[in-house]
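Below: the structure, in structure tokens.
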Amino acid sequence: SISSELSDVGKNQFEDCMDDVSKNWKCDNSKKYINKGDKLKGYIVDSSSDILKAADALERIAANLYNAEKRNTLIAKK
């Protein structure tokens, strides 16, 4: 799913990238860059969680609408 792929990017791929930056870039600005990267990683992971919550809500809404339509069809047939 989109949320799990985004979460993987944030938790694994982005972290690997930041590790490489940390190993290969040694100066004062590298620490600032890595700190900004850590914040971005947090935003990515949070966004993936928000997407999952939204998808779950949409799934519940769709199921409720389907069930309501089904009940209405049965009532209309009576």
Residues that [X] engages under side-chain contact (heavy atoms from CB on, under 4.5 Å), provided they are two or more places apart:
X: L6; answer: I44, S47, S48, I51
X: N29; answer: W25, C27, K32
X: T73; answer: K77
X: E5; answer: none

K39 atom NZ: more than 12 heavy-atom contacts under 6.0 Å: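 No, not enclosed.
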Side-chain donor-acceptor distances from residues 61-70 under 3.5 Å, at least two apart:
| unit_1 | atom_1 | unit_2 | atom_2 | d |
| --- | --- | --- | --- | --- |
| N64 | ND2 | R60 | O | 3.4 |
| N67 | ND2 | A63 | O | 3.2 |

For S3, side chain to side chain donor-acceptor pair (under 3.5 Å) partners two or more places apart: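 With neighbours one apart ignored, the set is S1.
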Residues in side chain to side chain donor-acceptor pair (under 3.5 Å) contact with D28, at least two apart in sequence or another chain: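 In terms of side chain to side chain donor-acceptor pair (under 3.5 Å), with neighbours along the sequence ignored, D28 is linked to no residue.
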ILVMFWY network linking L40 to Y33, side-chain heavy atoms under 4.5 angstrom: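 Per the 4.5 Å side-chain linkage, L40 and Y33 are co-clustered.
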Inter-residue atom distance K36.NZ - K31.NZ, 0.5 Å rounding: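 Rounded to the nearest 0.5 Å, the NZ-NZ separation comes out at 16.0 Å.
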Remaining members of hydrophobic cluster (4.5 Å side-chain criterion), I75: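 Grouped by the 4.5 Å side-chain rule, I75 forms a cluster of one, so the answer is none.
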Distance-only donor-acceptor hits, side chain of residues 10-21, under 3.5 Å, sequence neighbours excluded:
| unit_1 | atom_1 | unit_2 | atom_2 | d |
| --- | --- | --- | --- | --- |
| N12 | ND2 | D8 | OD1 | 2.5 |
| Q13 | NE2 | D8 | OD2 | 3.2 |
| E15 | OE1 | K41 | NZ | 2.7 |

Ring pair (Phe, Tyr, Trp, His ring centres under 6.0 Å) contacts in which one or both residues fall within residues 41-64, not counting sequence neighbours: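 Sorted result for residues 41-64: empty, none.
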